[in-house]
**Student:** 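Below is one structure. I have some questions about it.
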2 protein chains.
Amino acid sequence: MARLGSLGRAARELGITQPAASGRIRSMERQLGVALVDRSPRGSRLTEAGALVTDWARRIVEAAEAFDAGAQALRDRRDSRLRVAASMTIAEYLLPGWLIALRARLPDTAVSLSAGNSAVVAGQLLDGRADVGFVEGVGVPAGLDGVVVAQDRLVVVVAPGHAWARRRVPLGAAELAATPLILREEGSGTRAVLEAALGALARPLLELSSTTAVKSAAVSGAGPAVLSELAVGEEVAARRLVGVPVAGVRLQRALRAVWPVGHVPVGPVRELLSLTRGVP
Amino acid sequence: MARLGSLGRAARELGITQPAASGRIRSMERQLGVALVDRSPRGSRLTEAGALVTDWARRIVEAAEAFDAGAQALRDRRDSRLRVAASMTIAEYLLPGWLIALRARLPDTAVSLSAGNSAVVAGQLLDGRADVGFVEGVGVPAGLDGVVVAQDRLVVVVAPGHAWARRRVPLGAAELAATPLILREEGSGTRAVLEAALGALARPLLELSSTTAVKSAAVSGAGPAVLSELAVGEEVAARRLVGVPVAGVRLQRALRAVWPVGHVPVGPVRELLSLTRGVP
DNA sequence: AGCACTCATAAGCCCAGGTTATGCCCTCAT
DNA sequence: ATGAGGGCATAACCTGGGCTTATGAGTGCT
């Protein structure tokens, strides 16, 4: 609409009629009590408020597109030419974006996705039930080749009210290890990295079964949590969570694309890897 | 639902009935061809796919909440106890998050928002039509006091297909200044910073009237653009755009909270500033 | 066995949001 | 001036998604 200069044209482009578009804008304006478009007999133009609303709305649409890309991949079980198996963190935070980008390059390639931990991903690749996998962790599972596509940093976060939120002097390994934390249950990849980096951990403050649960516990002030940077980006930006500086601990893990030894990535797999910067 | 362990309970918490919730999940499962919840006579639990879908959906909900927070602020023209005036970039990318956080702390404080450039913001503050402002730029407008709440870095971005996308050796000031770029029109804050940092610029490749327009031109491969880090975070994460390393140029500007000289922030204003880390 | 909990199904209602059919207003070209 | 055309608003009607209530069926605890 901003691009086309008229409600009617915009409506046609969206496949609806002019009165429908007009009515929608109008009803939104009634709800907000603010004019969103300047109407004139020669066309319409967004107001400042309209531009603002448009941009906020765009973010919803983008989130919805990511959802849709993911949902498509869950749906396309059969007949898909690119079968991806990925660990939860990657499937949650990175894959939808990659799928959108991939769809732009290979519009006709049906992609299917299944999520599971490293062992499951490895199994699917070795069985030929997946063409490429993505795993997080310290090494490449046996029988697979791989390439690092990104680094995932773990961060210590607390709610803004917590004492550590104001902390400027970095936490050391000893102090972190001695503090009860909100953690995923035993066996999660994130927790494994943390244990590897710190040796022994204090008894957890809470043990929860999903990243999301850990995050909301931290947001509501239950205590400090250690989470992937990917998972808390939004919350940190909005200051619902605050990152605590840490020194002397290597809280990093590689995210890798993997495939069966010898299967050099070609075709759609290679295309996908090139999107993730991990072309072998 | 994950938290409550049963569809019926979840439904009640959402203010709908159990059949409604059940039907919705069921219809989504039909569309996706994947089970999202494991049902048992003793309750239900999310499957892996269900957890994935839940997380993707959560991001839509969060975007919608940000939209809503912004929309509320546009609506609450009268009777609002905290009137905020902000520049476009801040209103677009940062304020919704701050408003959500503020609502958590001061649930009963009605907030109103108006957007405009630095001069407009300053005018509203000096006229008493706003209680606090946020501006981007090099200095504090006359008659106002302020505090830096964040730094906004400008980044050079190109589509992944562009030659610069593979570039490892940083761009210098001279090369950047000599390259035709996609820019906002003369007079925009972003462009002013760029001109200040580089001196003269090459004739722009394109001049567009909104950040969004510049971004989509860059995404579609029209050429390199210079944009706020805030504006391209998503695109860079999804590799729809690639950041180009730059050296020897200070592409940074302060984001400031401002208020009339002498009006020390108290009450809701102070609360808002504390969320943005800029307590004076 | 019976109760208490779960989820599924069926039948009916409501309304948001669409469509078609107009009308009014402005501008521009004749 | 005046008629044509583009652009938005209004009115009346229709459809379907999504809700509700009412009920059934399976399971485990007492």
Side-chain angles (χ1 to χ4, degrees), chain A residues 1-54 56-58 60-61 63-65 67-68 71-72 74-75 209-210, chain B residues 1-54 56-58 60-61 63-65 67-68 71-72 74-75 209-210:
Chain A
M1 137 89 224
R3 200 174 67 255
L4 300 170
S6 116
L7 277 178
R9 275 183 215 294
R12 224 166 307 137
E13 176 159 295
L14 293 174
I16 61 178
T17 56
Q18 171 265 319
S22 184
R24 258 158 86 143
I25 301 274
R26 192 153 273 277
S27 98
M28 199 177 301
E29 286 177 331
R30 254 201 307 279
Q31 281 185 22
L32 298 180
V34 177
L36 298 176
V37 302
D38 271 336
R39 288 154 243 252
S40 86
R42 335 192 24 188
S44 301
R45 200 109 222 105
L46 287 174
T47 61
E48 293 268 288
L52 219 44
V53 168
T54 305
W56 294 334
R58 192 187 320 279
I60 305 182
V61 173
E65 280 169 354
F67 178 99
D68 192 56
Q72 289 263 359
L74 284 179
R75 169 164 51 241
S209 63
S210 78
Chain B
M1 136 91 224
R3 200 175 66 256
L4 301 171
S6 117
L7 277 178
R9 273 183 217 295
R12 224 167 307 137
E13 176 159 296
L14 293 174
I16 62 178
T17 56
Q18 172 264 321
S22 183
R24 259 159 86 140
I25 301 273
R26 191 153 275 276
S27 98
M28 199 178 299
E29 286 178 331
R30 254 200 310 277
Q31 283 186 22
L32 297 180
V34 178
L36 298 177
V37 301
D38 272 335
R39 288 154 242 254
S40 85
R42 334 196 23 189
S44 301
R45 201 108 220 105
L46 287 174
T47 62
E48 293 269 287
L52 220 43
V53 167
T54 304
W56 294 335
R58 193 188 318 281
I60 305 183
V61 173
E65 280 169 353
F67 179 99
D68 191 57
Q72 288 265 356
L74 284 180
R75 170 164 50 242
S209 62
S210 77

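Values below: every heavy atom of this structure, side chains too, minus hydrogens, waters and symmetry copies. Note on naming: letters A, B, ... go to the chains in the order of the sequence lines (proteins, then strands), and numbering restarts at 1 for each one.
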**Student:** Just wondering, do B/E48 and B/L52 contact through their side chains at under 4.5 Å, heavy atoms?
**Tutor:**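 Side-chain contact under 4.5 Å: no.
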**Student:** D/dT27 P sits how many Å from B/D38 CG, rounded?
**Tutor:** 15 Å
**Student:** So how far is it from B/L7 CG to B/R26 CZ, rounded to the nearest 0.5 Å?
**Tutor:**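 So the gap between those two atoms works out to 9.5 Å.
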**Student:** How do B/R12 and B/G23 order along DNA chain C: which one's closest nucleotide is nearer the 5' end?
**Tutor:** B/R12
**Student:** It should be established whether A/R39 places a side-chain nitrogen or oxygen under 4.0 Å from OP1 or OP2 of nucleotide D/dA9.
**Tutor:** yes
**Student:** Distance check: side-chain N/O of B/S44 vs OP1/OP2 of C/dC7, anything under 4.0 Å?
**Tutor:** yes
**Student:** Please report, rounded to the nearest Å, how far the C1' atom of D/dA9 is from the CD atom of A/E29.
**Tutor:** 12 Å
**Student:** Counting side-chain heavy atoms from C-beta on, which of C/dC7, D/dC8, D/dC29 comes nearest to B/R42?
**Tutor:**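 Nearest nucleotide to the side chain: D/dC29.
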**Student:** Nearest-Å distance, CG (B/L7) to C1' (C/dC7)?
**Tutor:**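 In whole Å, C/dC7 C1' lies 7 Å from B/L7 CG.
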**Student:** Check this one for me: any side-chain N or O of A/R26 less than 4.0 Å away from OP1 or OP2 of D/dT10?
**Tutor:** yes
**Student:** Is there a side-chain contact between B/T17 and the phosphate of D/dT20, meaning an N or O under 4.0 Å from OP1 or OP2?
**Tutor:** yes
**Student:** In whole angstroms, how far is the C1' atom of C/dC5 from the CD atom of B/Q18?
**Tutor:**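 Distance check: B/Q18 CD to C/dC5 C1' gives 11 Å.
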**Student:** Think B/R9 has a side-chain N or O under 4.0 angstrom from the OP1 or OP2 of C/dC5?
**Tutor:** no
**Student:** By nearest atom, which of the nucleotides D/dC8, D/dC19, C/dT9 is closest to the B/I16 side chain?
**Tutor:**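 The answer is D/dC19.
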**Student:** Which of the following nucleotides, D/dT20, C/dG18, C/dC7, is nearest to the side chain of B/A20?
**Tutor:** D/dT20
**Student:** For the side chain of A/S6, counting heavy atoms from C-beta on, which of D/dG7, D/dA22, D/dA9 is nearest?
**Tutor:** D/dG7
**Student:** Which whole-number value in Å describes the distance from A/I25 CD1 to D/dT10 C1'?
**Tutor:**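 One finds 17 Å between C1' of D/dT10 and CD1 of A/I25, rounded.
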**Student:** Does any part of the side chain of B/V53, heavy atoms only, come nearer than 4.5 Å to the side chain of B/V34, both counted from C-beta?
**Tutor:**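 Not touching, per the 4.5 Å side-chain cut-off.
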**Student:** Please give, in whole Å, the distance from D/dA9 P to A/R24 CZ?
**Tutor:** 15 Å
**Student:** Is A/R58 atom CZ crowded by more than 12 heavy atoms from other residues, nucleotides or ligands, each under 6.0 Å away?
**Tutor:** yes
**Student:** Given 3.5 Å as the limit, does a donor-acceptor pair link the side chain of A/T47 with the main chain of A/A35, or not?
**Tutor:** yes
**Student:** What nucleotide among D/dA9, D/dC19, D/dG26 has an atom nearest to a side-chain atom of B/P41?
**Tutor:** D/dG26
